[in-house]
Amino acid sequence: MMQISDSYNQKHSLFNAMNRFIGAVNNMDQTVMVPSLLRDVPLDMEEMKEEVTNSNGAANYFSRRDMHSYYILLKSIRNDIEWGILQGDDRKKDKVTHVDMNRMEDSDGEEDLQKLFHFHLTGLHTVLNKLTRKANVLTNRYKEEIGFGSWGH
């Protein structure tokens, strides 16, 4: 019984989620030989409709992009995970996250670090799973576009 729950927990670990994402992006990168062919090609329309109806900021952001933009974004995120983000990075911080973090302070103004950690860990895991699916969809869509839809099956 212990092995079953351990393997279940390992399957849902952040480390494994990052490895699945990096593997999916590496597969995408090896498959896409001519990235410029991805310009102005939308991803699967059904998936885009589903994401827009689930409406959150990331889904709306993704719904306006072509496959080339996904390709560049996914590779950039993979590089950030593998090599880290420069300390001087001027990316804007998410205001909602700061509001939520402020709510996680107790009455004395002390942060509940465990709640903050779980909040960010859950969010990161969710985002990594969505990005992994995006990399896999892009890879499969590229194969369809170049006429090799049965590669890797």
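Since the model is a prediction, treat every value here as computed from it, not as a measurement.
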Is [X] reaching over with its side chain to a backbone N or O of [Y], donor-acceptor style, under 3.5 angstrom?
{"X": "Arg141", "Y": "Pro42", "value": "yes"}
{"X": "Ser76", "Y": "Ile72", "value": "no"}
{"X": "Asn140", "Y": "Asn136", "value": "yes"}

To the nearest 0.5 Å, tell me how far [X] [atom1] sits from [Y] [atom2].
{"X": "Ile146", "Y": "Thr31", "atom1": "CD1", "atom2": "OG1", "value": "8.5 Å"}
{"X": "Asp29", "Y": "Arg78", "atom1": "CG", "atom2": "CZ", "value": "5.0 Å"}
{"X": "Leu124", "Y": "Leu131", "atom1": "CG", "atom2": "CG", "value": "9.5 Å"}
{"X": "Leu14", "Y": "Thr122", "atom1": "CG", "atom2": "OG1", "value": "10.0 Å"}
{"X": "Met28", "Y": "Lys143", "atom1": "CE", "atom2": "NZ", "value": "12.5 Å"}
{"X": "Leu38", "Y": "Glu145", "atom1": "CG", "atom2": "CD", "value": "8.5 Å"}

* Would you check if Ile81 and Leu128 make a side-chain contact, meaning some heavy-atom pair closer than 4.5 Å? =>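 In short, these two side chains touch, coming nearer than 4.5 Å.
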
* **Any Tyr70 side-chain heavy atom under 4.5 Å of Val137 side chain** =>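 Heavy-atom side-chain distance check fails, nothing below 4.5 Å.
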
* Among Val25, Thr139, Leu138, which residue meets the side-chain contact (heavy atoms from CB on, under 4.5 Å) test with Tyr71? -> Leu138

For the student: nearest non-hydrogen atoms of [X] and [Y], plus distance:
{"X": "Met33", "Y": "Gln30", "result": "SD-O, 3.6 Å"}
{"X": "Val34", "Y": "Tyr142", "result": "N-OH, 3.3 Å"}
{"X": "Ala17", "Y": "Asn129", "result": "CB-OD1, 4.2 Å"}
{"X": "His68", "Y": "Pro35", "result": "CD2-O, 3.2 Å"}

* Asked: Under a 4.5 Å side-chain heavy-atom rule over Ile, Leu, Val, Met, Phe, Trp and Tyr, are Trp83 and Phe15 clustered together?
  -> no

